[in-house]
Structures are given as C-alpha cells and as structure tokens.
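Please read the structure below before turning to the comments.
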Amino acid sequence: MPANTAEKRDHQISNTASDFADALFDGLTKGEKSIPCRFLYDAKGSDLFEQITRQPEYYPTRTEAAILKTCAPHIVARSNPNTVLVEFGSGSSLKTEILLSAFNHLAAYIPLDISQAALDDAVGRLNARFPKLSITPITADFSAPIDLPEEFSDHEHLGFFPGSTIGNMAEADAIALLGSMRETLGKNGRLVIGTDLVKPLDVLLPAYNDEAGVTAAFNLNVLRHANRVIGTDFDLSKFRHESIWNADKSRIEMHLISLTDQTIRGLSKPITISKGEHLHTENSHKYTVERFHHIAETAGWTPTEVWTDPSNLFAVHDLRAS
C-alpha cells in the first residue's frame, strides 16, 4: 500500500459523513425508504464488489471482458493516431488493460476516479506493464464535465466506461451523465461503454442473489458503513438482503428488508422502521440495444457499432459525438 493511502481514504470518507447523514435521513423518511447507492462503495464495499465479480453466477464482468478482447482491434482500427484514452471511474483499470494491449499509438491514458488510493494502485501496476505509456491520472468526480490537460487538446479523445455502471442510474440521470461525458471528450470525442442486456430471469436473478452470499454482505455493508461514519446503530442481523426484478422499469432492485419493528438512532431524529419494510439500495437497469441507443442519441451521441456475446447477455457500444 502506498504511503498515506489509508489516511487519504479515511479523509475522503470523513468528508462524506455530512452528505451521507443528510442523504440517509432524507431517504429513510420517505414513504418508500431508500439509501443512495453511492454509499455502498466504501473501502469494504468496494472489496466485496470485487468478490461479487468473481462469483460463478455473476456473468457481467467476465462476459464484458470476453467481448472487449474480441472488439478491441476494431476499436483501435477506428481510432486516429495519437488518440488519448480517457476512462471514467477507472477504479482498478483491469479491463482497461485489454484496450491498452491492443493500442500501439496511444498519446496518453487518463484515468479519472474519485479515489486517490485506487488511482495510485492502478497507475503503479500499469506503469510496470506499459512502461512507454504516458499516464496522467486525475482525481475527480466524473459525474460533472472535467477539463482534460491542455497538452492533449488537439488529440482525439476516446472515452471508456465499462462495467454497466450507467444502468445504476435513472434514465434522466443516465442521459445527463452521457451529455457530461460528451462535453468532457469534446466535439470529436468517442465513447466505448458497456451495458447489461435484458435476459431470462433464471440467469439474471442468481447474479444478484449468489449462493455464497457475497451480494448480501455487500448490500448489508452499507448499514455498517453508516454506523462507522455517521454513528447510527443499525443491527445488521435485523435485516435481510433481497434482489427482485421490476419488469415495468426493466431493472433489478436491491433491497434490505427489516425482520422486526425497530428504531434507528444517530441521525437528526430517530427513524422507525416496521417489520417487512424495504430499504431500497440500488437499481441495475437492463437495456435492449435499441433502448440504449435511444438514450445515447438523446444525450448527443451517434451509435456507430455494438458488440455482444453469443448469448446476448451484455453489449459494448462504440459511440461518436453527434
């Protein structure tokens, strides 16, 4: 672990305590209680999510990686010499290595992530594997437009947003994010983005209710995160995890269900939760290719190519700024 990484992470989390408390109180005082999904990903939650991606039921990560290995040469062939690769929410940058291995003419790789620790770890690994590659990390929240380094202003910018994260957002928010990415990448920008596809429930539901219980631990961890950061007194043994399919909204919903009547303290006032009441923690929208293309076009992108796996579980799209 690089020097001061733990201190940096703790500082970042402490800076979100007030935001977390306000958002949690707001979500738990609504008629349908909820917790914003961004708070699932503290250090422990991020580690649990990495474990989820290795579960046999969880198809998205391995399927997208296989697609990228197939389509990477085509993505490179569509790119101008001296392209700059910009990754939004780069995290561990593991899938990025598939693209980096295919390119032989990148001007630079710019990973964007809110976590300095994640950037430090990824850049150290990539520098060792690609010693000739120029890497310029930027610590930033990619949900707003970002000014990229001026030295690359004349280069084509190729955005990369794998992992179907776009599916965690409501449609209006997804359109807004895609529009923001378009502004960051510029008028000649391109975006390679992953989306999860609509599929049979016997494949979909087990991916969010794995037999080993890792997804359940990930979901419950948001309560532990609240206890540690805010000082609430959630008893994790009094909740159970459940993921359900909402057909009307074409999405998986993750919920924590209260096993008893209980009162939560530690916020600005006590919160009463009834037995059987749901805390809605995350959505994961599943698209058809046509539906996602409509969303992308609304945000100012022109779809130019799409690649899927043989079972049509997942899609990787190549978009160009309109």
Side-chain angles (χ1 to χ4, degrees), residues 6-7 9-52 55 58 114-115 141 143 165 167-170 172-173 204-249 251-285:
E7 290 85 349
R9 181 182 292 120
D10 288 344
H11 179 63
Q12 289 165 352
I13 291 173
S14 69
N15 281 342
T16 68
S18 177
D19 176 42
F20 192 178
D22 290 344
L24 185 60
F25 181 80
D26 182 60
L28 295 183
T29 52
K30 291 179 177 178
E32 296 182 1
K33 291 180 170 57
S34 64
I35 301 174
C37 66
R38 66 183 183 275
F39 298 112
L40 290 164
Y41 297 91
D42 66 336
K44 177 67 173 177
S46 296
D47 178 66
L48 285 166
F49 182 74
E50 289 294 329
Q51 293 181 45
I52 289 171
Q55 299 308 303
Y58 194 78
I114 198 169
S115 169
D141 179 356
S143 62
T165 303
N168 295 137
M169 303 173 184
D173 294 331
L204 187 57
L205 285 174
Y208 296 86
N209 295 283
D210 58 272
E211 187 174 350
V214 183
T215 305
F218 168 71
N219 200 12
L220 285 162
N221 180 68
V222 73
L223 305 182
R224 182 181 291 109
H225 183 196
N227 289 347
R228 181 172 61 84
V229 173
I230 303 172
T232 49
D233 62 349
F234 287 102
D235 182 343
L236 276 63
S237 69
K238 294 182 178 179
F239 292 88
R240 68 175 176 85
H241 157 81
E242 184 175 338
S243 291
I244 62 174
W245 172 245
N246 185 327
D248 291 339
K249 296 184 178 180
R251 70 190 189 194
I252 286 284
E253 296 179 356
M254 286 208 317
H255 295 258
L256 293 171
I257 302 174
S258 178
L259 301 177
T260 185
D261 294 336
Q262 53 186 305
T263 299
I264 308 302
R265 294 176 174 81
L267 296 169
S268 56
K269 69 176 185 179
I271 303 293
T272 299
I273 302 176
S274 302
K275 181 179 180 180
E277 195 165 10
H278 289 222
L279 313 186
H280 187 174
T281 56
E282 189 172 47
N283 296 317
S284 184
H285 292 84

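Predicted, not measured: the structure shown is a model, and the values here were computed from it.
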### Message
Between Thr260 (side chain only) and Gln262 (backbone N and O only), is there a donor and an acceptor less than 3.5 Å apart?
### Response
no

### Message
Using the ring pair (Phe, Tyr, Trp, His ring centres under 6.0 Å) criterion, which residues pair with His280? Sequence neighbours excluded.
### Response
His255

### Query
Will you find, in the side chains of Glu50 and Ser46, an N or O donor that is under 3.5 Å from an N or O acceptor?
no

### Task
Report the residues that fulfil side chain to side chain donor-acceptor pair (under 3.5 Å) with Asp235, sequence neighbours left out, ordered by chain and then residue number.
Ser237

#### Entry: For the student: nearest non-hydrogen atoms of His225 and Phe39, plus distance
ND1-O, 2.9 Å

#### Entry: Spacing of CD1 belonging to Ile264 relative to CD1 belonging to Ile273, to within rounding of 0.5 Å
4.5 Å

### Message
Taking side-chain contact (heavy atoms from CB on, under 4.5 Å) as the definition, give me every residue that meets it alongside Asn221, ordered by chain and number, with sequence neighbours left out.
### Response
Asp42, Lys44, Leu48, Arg224

### Shortest non-hydrogen contact between Pro270 and Thr263, atoms and distance
CB-CG2, 3.7 Å

### Query
Does Leu220 offer a backbone N or O that forms a donor-acceptor pair with the side chain of His241 under 3.5 Å?
no

### Task
Could you tell me whether a side-chain N or O of Ser243 sits under 3.5 Å from a main-chain N or O of Met254, the two making a donor and an acceptor?
no

### Query
Counting distance only, does the side-chain N/O of Asn168 pair as donor-acceptor with the main-chain N or O of Asn283 below 3.5 Å?
yes

### Task
Using a 4.5 Å cut-off on heavy atoms from C-beta on, say whether the side chain of Pro206 contacts that of Asp210.
no

### Task
Please report the C-alpha distance between Asn219 and Leu256 in whole Å, then the side-chain angles of each, then the deciding distance to 0.1 Å, and finally whether the side-chain contact (heavy atoms from CB on, under 4.5 Å) criterion is met.
CA-CA 7 Å; Asn219 200 12; Leu256 293 171; 3.4 Å; yes

### Query
Which atoms form the tightest heavy-atom contact between Leu279 and Phe239, and what is the distance?
CD1-CE2, 3.7 Å

### Side-chain donor/acceptor of Asn227 to backbone N/O of Phe234, under 3.5 Å
yes

### Summary
On a heavy-atom basis, the closest approach of Ala207 and Thr215 is O-OG1, 4.1 Å

### Message
Can you confirm if the aromatic rings of Tyr208 and Phe218 lie within a centre distance of less than 6.0 Å?
### Response
no

#### Entry: Note, Leu223 side chain near Ile35 side chain (heavy atom, < 4.5 Å)
yes

### Task
Can you run down the salt bridge (Lys or Arg N to Asp or Glu O under 4.0 Å) pairs that involve residues 26-41, sequence neighbours left out, and say none if there aren't any?
Asp19-Arg38, Asp26-Lys30, Lys33-Glu277

### Task
Identify the two heavy atoms, one from Ala17 and one from Ile230, that lie closest to each other, and give their separation to 0.1 Å.
O-CG1, 4.2 Å

### Summary
In short, salt bridge (Lys or Arg N to Asp or Glu O under 4.0 Å) pairs touching residues 255-273 with sequence neighbours left out are none

### Task
Just jot down the side-chain contact (heavy atoms from CB on, under 4.5 Å) partners of Thr29, sequence neighbours excluded, or say none.
Phe25, Ile271

### Query
Out of curiosity, Arg251 CZ to Asn246 CG, how far, rounded to the nearest 0.5 Å?
5.5 Å

